[in-house]
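Report on the following structure.
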Number of protein chains: 2
Amino acid sequence: MNESQALAAFSALTDPTRLAILRHLVTKGAEGASAGEIGVAVTATPSRAAFHLSTLKQAGLLTSEKVSRNVIYRVDFARMGALVAYLVEDCCAGDARVKSCCAGLFG
Amino acid sequence: MNESQALAAFSALTDPTRLAILRHLVTKGAEGASAGEIGVAVTATPSRAAFHLSTLKQAGLLTSEKVSRNVIYRVDFARMGALVAYLVEDCCAGDARVKSCCAGLFG
DNA sequence: TTCACGTTTCAACAACTCTTGATATATTGA
DNA sequence: TCAATATATCAAGAGTTGTTGAAACGTGAA
């Protein structure tokens, strides 16, 4: 992940609707969810859902696949992990004080 | 860290000048740096540096302390760590696929 | 006091973001 | 074919963000 990818990813995380979409999709895992279902889950109109899904996808955080009438969105888990790594390694230079705050989450 | 704090933090990370400030201050550690020195380091005019420093501070990512004529800024390392934890735990529900991408960073 | 220094604040402006409602495109089933 | 469904796109509007240069504020030194 380079800086402009990270900037796009952080920008994508600055909206509560998009955070809600991300949370919903994380729980769906590899199954993913259709645009319509996501819109209902986060109480967004179709065009609003499409706008935010497009933003998340542009940022590389989601993938999409057309399945008959529907478009299935999924979290790109590797990209999310890479973003966490970028935040720790590049933004914080792997600082031990930062790591110590969240080392407990990792095995 | 709650959602609105996380949103503010992510917003603060969406600008290359602010990322540069953060990187500079991380390397300075507990010593920190003055607003003027930071402005020079990231090639920003005084008012531009003040604007971005204020944004980062409002987001909780920096602390500031007035020392005679200068204002010393420092990274809030605990807050940065909490942001990483929020990203992994709250945004990604602690998903194993995300963790596995960056588990190597932690010991 | 007077001056210079470091920093912040302000107003103006351009650029961007989000929302809304309407419309367009594609796909399926009757 | 026609109608219904799922999604994306568009234009317009309100609100927000980042930049600039000027001005103001506090502090320390002469």
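So you know, we letter chains A, B, ... as the sequences are listed, proteins then strands, and number each from 1.
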Proximal nucleotide (of D:dT19, D:dA8, C:dT8) relative to the A:Tyr73 side chain:
D:dA8

Donor-acceptor pair, side chain of B:Thr14 and main chain of B:Phe10, under 3.5 angstrom:
no

What is the separation between atom CD1 on B:Ile38 and atom P on C:dT7, rounded to the nearest whole Å?
8 Å

Select one nucleotide: of C:dA26, C:dT7, D:dT7, the one nearest the side-chain heavy atoms of A:Lys66.
C:dA26

Mind calculating the distance between NZ (A:Lys57) and C1' (D:dT7) to the nearest angstrom?
12 Å

For A:Ser34 and for B:Thr55, find the nucleotide of DNA chain D with the closest heavy atom, then tell me which residue's nucleotide is more 5'.
A:Ser34

Looking at D:dT7, D:dA6, C:dT7, which one has an atom nearest to any side-chain atom of A:Arg69?
D:dA6

When the distance from CG of A:Leu13 to P of C:dT17 is rounded to whole Å, what number comes out?
15 Å

Measure the distance from CD1 on A:Ile72 to C1' on D:dT7 and round it to the nearest whole Å.
12 Å

Using a cut-off of 6.0 Å, state whether more than 12 heavy atoms not belonging to B:Glu3 lie near its atom CD.
yes

For A:Arg48 and D:dA12, what is the distance between atoms CZ and P respectively, to the nearest whole Å?
22 Å

In this structure, how many angstroms lie between the C1' atom of D:dA6 and the CG atom of A:Asn70, rounded?
6 Å

Whole angstrom value for the distance that separates C1' of C:dA22 from CZ of A:Phe51
17 Å

Choose from C:dT7, C:dC18, D:dT19 the nucleotide whose nearest atom is closest to any side-chain atom of B:His52.
D:dT19

Beyond-backbone contact of A:Val26 with B:Val98, side-chain heavy atoms, under 4.5 angstrom:
no

Once hydrogens and angles are ignored, does a donor-acceptor distance under 3.5 Å link the base of C:dG21 to the side chain of A:Ser47?
yes

Regarding A:Ala35, tell me which of base, sugar-phosphate or nothing describes its non-hydrogen contacts under 4.0 Å with the strands shown.
sugar-phosphate

Nearest whole Å is fine: how far is D:dA8 P from A:Leu56 CG?
12 Å

First encountered from the 5' end of DNA chain C, between B:Ser64 and A:Val67
B:Ser64

Side chain to side chain, A:Asn2 and A:Gln5, heavy atoms closer than 4.5 Å
yes

Quick one: are B:Met80 and A:Arg97 in side-chain contact, heavy atoms under 4.5 Å?
no

